[in-house]
Amino acid sequence: MMGRDAQDTIIATRNLSRTYTIGKVQVQALKNVTLDIRRGEFAAIMGKSGSGKSTLLHQLGLLDTPTEGEIMIDGIEISGLSEAARTRFRLEKFGYVFQEYAILPELTALENVYLPAMALGLSQGECTRNGMDALEKVGLTERADHRPREMSGGEQQRVAIARALINKPKILFADEPTANLDSASSKQILELFRGLNRDLGQTILMVTHELEDADIVDQVIWLADGEVVGREG
Amino acid sequence: MTSTTTELKVSAFLAYKFIAKGNRGTSALTILIMALAFVNLMFTTSVFDGMGDATEKQVIDTLYSNIVIEPKDEEIYIENPDSVVKKIINVPGVIGTSAQYVTGATIAYEEQSGAWSIRAVDPADERTVSTVPDMMIEGEYLSRSDTREIIIGKEIAGGHGGSLEHTSLGGVVVGDTVEVAFTNGVRREYRVKGIFDTNFIQSNQLAYVTEKELESVLGIHDMASQILVKTDTKGEEDRFPNQFVELGVHEDIKPWIVYAGIVATLTQSFDALNALTGAIGFFVAGVTIFIVIYVSTVSKRRQMGILRAIGIKESIIVRSYIFQAVFYAVCGCIAGLVIMFAILVPYFIKHPMVFPMGNVTLLIEQKAAITRSAGLIISAAIAGFLPSWRAVRETILDAIWGD
């Protein structure tokens with residue numbers, strides 16, 4: 001286990017590769033990636049544009065299927081899961097924050113947040129209670145009844161984070177969550193992630209291209225041309 | 001909560017939010033189109049049903065009443081018809097009877113002549129089974145004591161804008177004298193006492209004299225070619241024949257529909273036309289919903305990808321679109337019914353369509369409304385399913401970040 005305690009490892013990959021076929025050309029986006037992320041760790045995947053950061057996140061977040069290799073999430077080999085099981089896995093164990101705010105414009109902040117809880121079968125009362133708790137964690141309880149168009153970009157991204165937290169995920173995946181935000185909002189979001197990791201022990205895996213983000217994470221995985229070229233932390 | 005219940009709840013929640021908080025103009029326009037599709041489906045059906053109903057009503061009111069009692073096959077007349085009438089007149093539901101002779105004759109006026117059917121009736125009894133006495137457009141109806149007087153339909157008289165003007169007597173008016181040649185060779189002259197117009201081409205080709213008059217022509221007494229029986233409700237005629245037989249009526253007893261070949265022909269033709277227009281209507285409605293849902297799924301492609309990414313099942317997403325389509329269809333049906341009942345039906349009552357079977361208004365049968373609504377809703381559900389199902393087939397990455 002690459003020198004790390006298996007009990008503490010929540011994500012482990014072995015020789016992970018992903019090759020895309022574009023027309024007659026084959027593009028190898030990931031090459032034999034082997035890594036471990038510990039439970040409760042705040043890790044960042046960094047690298048230049050086109051280095052394979054997002055591709056790696058998509059494999060680990062079960063949004064895409066690797067061409068080769070293994071992925072173990074919380075001790076479960078996920079390559080054998082059916083599509084339905086992968087969907088259930090994402091709902092129960094993962095939270096996602098995308099670069100774009102990615103919340104539904106027709107729903108209020110609270111409704112956006114509790115939608116995954118509703119899909120998990122929680123009652124309306126539980127959904128509302130948990131939704132408000134999640135909004136409290138991101139400091140947006142007073143905006144619960146507002147719709148996305150009534151909120152700033154930073155607020156919408158915090159709603160997306162609250163949604164990602166609603167089902168108490170094992171891992172929170174964030175794909176360049178501050179890319180569309182101004183510097184003040186970006187700082188707020190990163191502090192929020194840091195706080196969630198520190199106070200709740202939330203495992204977070206974040207893709208970022210901002211070099212200064214390296215200062216607030218526990219581990220940085222550097223990618224170049226689809227390969228892990230370095231690790232810090 | 002079971003998995004299915006949870007999925008239905010989330011689908012309904014999303015559908016409700018997409019409709020309630022989405023573009024209201026699009027929703028209103030979609031419902032309007034659905035309403036027009038429903039009206040299109042119902043309108044032709046209602047016209048055909050109205051024509052069928054008008055025809056049935058005319059056949060019953062002006063030709064055969066509800067039930068016809070005829071002599072057995074080997075007999076020409078019913079003997080002692082009064083005794084038959086006495087047996088059935090107190091049967092619950094029977095509200096009138098008219099024993100009458102029916103004979104063919106040639107009627108001539110000046111240079112014009114033609115062969116028509118003449119009925120000989122007791123005028124008082126006839127009023128209990130027929131509306132012809134109330135349809136006089138010139139002169140008046142027969143009285144029991146009338147002899148050598150005749151009333152004729154407008155298609156016989158001519159000159160009243162009938163459909164068979166070329167075979168009519170060319171413009172007979174009340175007071176004119178026509179010559180009638182009966183099948184037994186007797187010829188008599190009759191004063192035209194009245195001309196009637198039932199708005200029904202078949203009954204407008206009848207002529208009426210009194211029972212007493214025709215008995216003197218035929219040299220018979222206390223007989224009848226048929227007894228017409230009026231009942232209080234249409235459509236329940238089948239319950240009477242057995243009762244009549246039990247009461248000792250041994251003649252042939254037939255409901256009006258047996259004589260109404262025109263109705264059966266119309267119904268068959270209308271059914272075929274209804275099926276054709278219905279199929280086209282359902283297709284058009286289905287394509288409309290398909291386009292609306294398709295445009296919606298294209299514009300929400302990324303949103304659908306994100307929903308799937310965060311663990312919302314594809315079936316929940318597809319079902320939310322089916323619910324939206326069904327909602328539009330249900331609203332369309334309700335709006336369509338409002339248009340039919342509040343605008344079109346009153347309009348056609350005020351301005352009926354004129355057909356050979358009479359004035360036709362729209363008739364909205366409950367069964368037709370239910371089947372058309374159900375058909376429209378099913379079409380919409382299929383049309384909602386196809387584009388959303390197609391949309392969730394693509395990969396999550398393509399949906400969120402694809403071109």
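Lettering follows sequence order; numbering is per chain, from 1.
Closest non-hydrogen pair, I312(B) versus A119(A), comes out as CD1-CB, 3.6 Å. Taking all atoms of both residues into account, the shortest heavy-atom contact from I306(B) to R163(A) is CG2-NH2, 3.9 Å. When all heavy atoms are compared, the tightest approach of A309(B) to Y96(A) is O-CE1, 3.1 Å.
With contacts defined as side-chain heavy-atom distances shorter than 4.5 Å, the pair L63(A)/L397(B) qualifies. A 4.5 Å side-chain heavy-atom check between L107(A) and K21(B) finds every atom pair outside the cut-off.
Within the 3.5 Å criterion, the main-chain N or O of I310(B) finds no donor-acceptor partner in the side chain of R90(A). With hydrogens and angles ignored, the 3.5 Å screen pairs no side-chain donor or acceptor of R308(B) with any backbone N or O of T87(A).
Atom CD of E142(A) has more than 12 neighbouring heavy atoms from other residues, nucleotides or ligands inside a 6.0 Å radius. A 6.0 Å sphere centred on CD of E136(A) holds no more than 12 heavy atoms belonging to other residues, nucleotides or ligands. Crowding of R390(B) atom CZ: a count of heavy atoms from other residues, nucleotides or ligands under 6.0 Å not exceeding 12. Atom OH of Y294(B) has 12 or fewer neighbouring heavy atoms from other residues, nucleotides or ligands inside a 6.0 Å radius. Heavy-atom contacts from other residues, nucleotides or ligands closer than 6.0 Å to NZ of K17(B) number more than 12. The local environment of CZ in F355(B) is crowded, with over 12 non-hydrogen atoms from other residues, nucleotides or ligands closer than 6.0 Å. No more than 12 heavy-atom neighbours from other residues, nucleotides or ligands sit within 6.0 angstrom of NZ on K57(B). The environment of N23(B) atom CG is dense: over 12 non-hydrogen atoms of other residues, nucleotides or ligands sit within 6.0 angstrom.
Considering only heavy-atom pairs separated by less than 4.5 Å from chain B, the leading option among A102(A), G61(A), P105(A) is A102(A). Ranked by heavy-atom pairs under 4.5 Å with chain B, the list E100(A), R88(A), R86(A) is led by E100(A).
Heavy-atom distances place no part of F173(A) under 4.5 Å from chain B, backbone and side chain included.
The CD atom of Q124(A) lies 5.5 Å from the NZ atom of K9(B); values are rounded to the nearest 0.5 Å. Atoms CG and CG, on L14(B) and L115(A) in that order, are 5.5 Å from each other to the nearest 0.5 Å. Here the CD1-CD distance, from I396(B) to E83(A), works out to 6.5 Å after rounding to the nearest 0.5 Å.
In summary, K300(B) and E106(A) engage in a salt bridge, as defined by a charged side-chain N under 4.0 Å from a carboxylate O.
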